[in-house]
Amino acid sequence: ASATTSCIPCPSGEYEDQPGQQACRRCEAGNYQDQLGQSDCKACPVGTTSLGRGAVEIEDCGCHAGSIKMAAGSNNCTKCSDEGMFCPFASTVDVLRSQSSPLGEDFQPRVLEGFYSAELDPLSIFKC
């Protein structure tokens, strides 16, 4: 009887960087891998990160807590107001306006009680 070994490519979100290694490693936070069988992970765009390990697509990269993405399809993050605004990981202006995040309530940026913002400029925060 002869033993055969076959390589199984690492899934998305993982990589194998050593020939002969039998276990895949998950991409670290701040990285992602959207292809099978890769030897490293791709870095999230500058100013963004992933929430945890094993991110599988660039869309898993979002603005750091305290920053907000200005437009869909953009990776430009802008610092949120220090006073009167809450911006968790992956905040976007679209979610701020709609008050509905596909990631759930914990990921919704919002204007805090006692403050308000203008619809045309939602990042300008004013005290009531």
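Note that the structure is predicted; figures quoted are calculated from it, not measured. Keep in mind that the numbers below use all heavy atoms, side chains included, and drop hydrogens, waters and symmetry copies.
Although no hydrogens or angles enter the test, the distance criterion places a donor-acceptor pair under 3.5 Å between the side chain of Ser50 and the main chain of Gly30. The closest donor-acceptor contact from the side chain of Gln38 to the backbone of Asp17 lies at 3.5 Å or more, if one exists at all. One N or O on the side chain of Gln33 and one on the backbone of Asp40 form a donor-acceptor pair closer than 3.5 Å.
Considering every non-hydrogen atom in both Pro122 and Leu96, the closest pair reads CB-CD2, 3.7 Å. Shown here for Gln108 and Gln99, the closest heavy-atom pair between the two residues is NE2-O, 3.1 Å. Closest non-hydrogen pair, Phe89 versus Asp60, comes out as CZ-O, 3.9 Å. When all heavy atoms of Ser91 and Ser67 are compared, the pair lying nearest together is CB-O, 3.6 Å. Asp34 and Glu57 make their closest contact through CB-CA, 4.3 Å (heavy atoms, listed as atom of the first residue, atom of the second, distance). Nearest heavy-atom pair across Leu36 and Ser12 is CD2-N, 3.7 Å.
Atom CG of Leu103 sits about 9.0 Å away from atom OG1 of Thr92, to the nearest 0.5 Å. Here the CZ-CG distance, from Arg26 to Asn31, works out to 13.0 Å after rounding to the nearest 0.5 Å. Considering SG of Cys10 and CD of Gln35, their distance stands at 13.0 Å, rounded to 0.5 Å. Expressed to the nearest 0.5 Å, how far CZ of Phe86 lies from CG of Leu112 amounts to 8.5 Å.
By the 4.5 Å heavy-atom criterion applied to side chains, Ile68 and Val93 are counted as neighbours. Counting heavy atoms from C-beta outward, Cys41 and Tyr15 have side chains that approach closer than 4.5 Å. Side-chain contact between Ile58 and Tyr32 is present, with at least one heavy-atom pair separated by less than 4.5 Å. You'll find the side chain of Leu51 reaches within 4.5 Å of the side chain of Phe107, heavy atoms only. In this structure the side chain of Met85 reaches within 4.5 angstrom of the side chain of Leu123, judged on heavy atoms. Taking 4.5 Å as the limit, every side-chain heavy atom of Ser117 sits out of range of all side-chain heavy atoms of Phe126. Taking the side chain as every heavy atom from C-beta outward, Thr48 and Cys77 approach each other to under 4.5 Å. A heavy-atom distance below 4.5 Å is not found between the side chains of Cys80 and Pro109.
Cys63 does not pair with Cys87 as a disulfide, the SG atoms being 2.5 Å or more apart.
Using a 4.0 Å cut-off between a side-chain N of Lys or Arg and a carboxylate O of Asp or Glu, Arg53 and Glu28 qualify as a salt bridge.
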